[in-house]
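What follows is one structure encoded as structure tokens, with my remarks underneath.
In each ligand, atom 1 is the first atom listed, and ligand 1 is the first ligand listed.
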Amino acid sequence: MTDVLIIGGGIIGLSIAIDLALYGAKVTVVDRQRCGHGATWAAAGMLAPEAEQLSGKLAQLGRSSRDLYPYWINKLEDLTGQDCGYWQSGIFTPITQKEQFSQYPAQCINQFVNKSALARIQEGLSKEVLGGLWFEDDAQVDSRRLLQVLIMAARSLSVNLLEGVSVYDIVAHADGNRISHLETSSGKFQAGHYLVATGAWTRELMPLPVSPHKGQMLSVFDPDRSLHRVIFAPGIYIVPRLDGTIILGATVEQVGFAPGNTAIGIQTLLTNAIALYPAIANMTIQETWWGFRPYAPKEMPLLGASNYENLSLATGHYRNGILLAPITAKLLTEHIRGGNPDPILKEFSYSQ
Ligand code: GLY
């Protein structure tokens with residue numbers, strides 16, 4: 001019998017599977033589609049606790065995870081021999097109206113860049129940009145490349161990846177304290193421990209406060225590879241990849257699981273992006289897509305224990321799933337193995 005059965009093969013489920021497998025656990029991951037083809041595949045991959053202005057315990061979690069990233073990426077690249085597309089590009093938040101300077105907290109003073117120093121950060125920004133904030137420790141990773149590496153790493157550790165398997169029900173024992181099995185499209189599955197990592201679709205399985213917030217995105221191609229920084233402003237982020245692709249994101253829409261890109265969604269992203277980095281106007285559009293972020297109250301993921309002794313939660317990462325993958329894997333692995341997890345885990349525990 002498998003030791004741990006993970007429902008959801010996105011970045012969170014796969015990252016936990018890999019860490020558990022490195023400790024010798026027999027792990028199975030079930031995904032109703034192909035692994036990672038939910039929010040992971042859609043994400044721009046910003047590692048941005050500072051630029052996103054996370055606060056309180058979430059900021060602490062985000063910074064810890066960002067700081068783990070280089071080690072985590074090395075581990076995955078050692079396991080697979082593949083490049084994850086991690087790039088310590090830094091993130092720049094441009095300011096176009098004087099009043100915006102005073103909207104940032106005093107501790108951001110060290111990040112301020114004035115107009116005369118802009119070219120040092122990035123050339124070609126709009127003349128409207130008066131200055132901005134430079135977060136040099138924030139970074140990015142190519143989420144689609146990372147996804148392929150995670151799948152490869154999981155396979156190399158004999159994690160059993162079952163794609164195209166839908167979980168219909170998580171069935172509890174009569175005593176109500178433990179899970180007895182899963183009912184799935186491939187029959188009954190049993191394990192020593194279960195983990196729910198189902199992102200925006202969590203509510204279909206459990207009555208947890210996680211709901212979808214849609215994000216529309218597109219990419220353009222920059223043959224000159226002229227952009228070297230992530231640009232992050234209200235209503236738009238612009239994320240260059242090393243191959244010349246530039247990702248523009250993202251809308252935030254509460255429309256359930258309504259699929260598709262809308263004309264206004266794409267128009268707004270392009271207008272906002274061109275207003276900050278005018279060269280985008282002449283770049284060719286490569287692709288448009290959309291995804292569903294798993295929103296949880298106060299943007300706090302639900303991590304750790306559930307109402308069942310043998311079921312754990314790792315869901316509701318909202319805008320920060322890519323960022324929080326390494327720390328989530330570390331904390332949940334400690335929790336499932338029965339060690340002493342970092343006390344921060346308690347701050348994210350869900351109790352009904
Ligand atoms: N992480 C950025 C977003 O969710 O749009």
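Of all protein heavy atoms, the one lying nearest to atom 2 (C) of ligand 1 is Tyr237 OH, 3.4 Å. The shortest contact between atom 1 (N) of ligand 1 and any protein heavy atom is with Arg319 O, 2.7 Å. The single protein non-hydrogen atom nearest to atom 4 (O) of ligand 1 is Arg293 NE, 2.7 Å, given as residue, atom name and distance.
A cation-pi geometry, defined here as NZ or CZ lying under 6.0 Å from the six-membered ring centre and within 45° of its normal, does not hold between Arg229 and Trp87.
The proximity of Tyr318 to ligand 1, defined as any non-hydrogen pair under 4.0 Å, does not occur for either the backbone or the side chain.
Judged purely by distance below 3.5 Å, without hydrogens or angles, the side chains of His335 and Ser312 pair a donor atom with an acceptor atom.
Shown are Val165, Val167, Val30; of these, the side-chain contact (heavy atoms from CB on, under 4.5 Å) with Ser185 is made only by Val165.
Near Glu52, the atoms of ligand 1 lying under 4.0 angstrom from a non-hydrogen atom of the residue are 1 (N), 2 (C).
The 12-atom threshold is exceeded at CG of Asp169, counting heavy atoms of other residues, nucleotides or ligands nearer than 6.0 Å.
Ring-plane geometry between Trp134 and Phe92 is classed as tilted, the angle between the planes lying from 30 to 60 degrees on a 0 to 90 degree scale.
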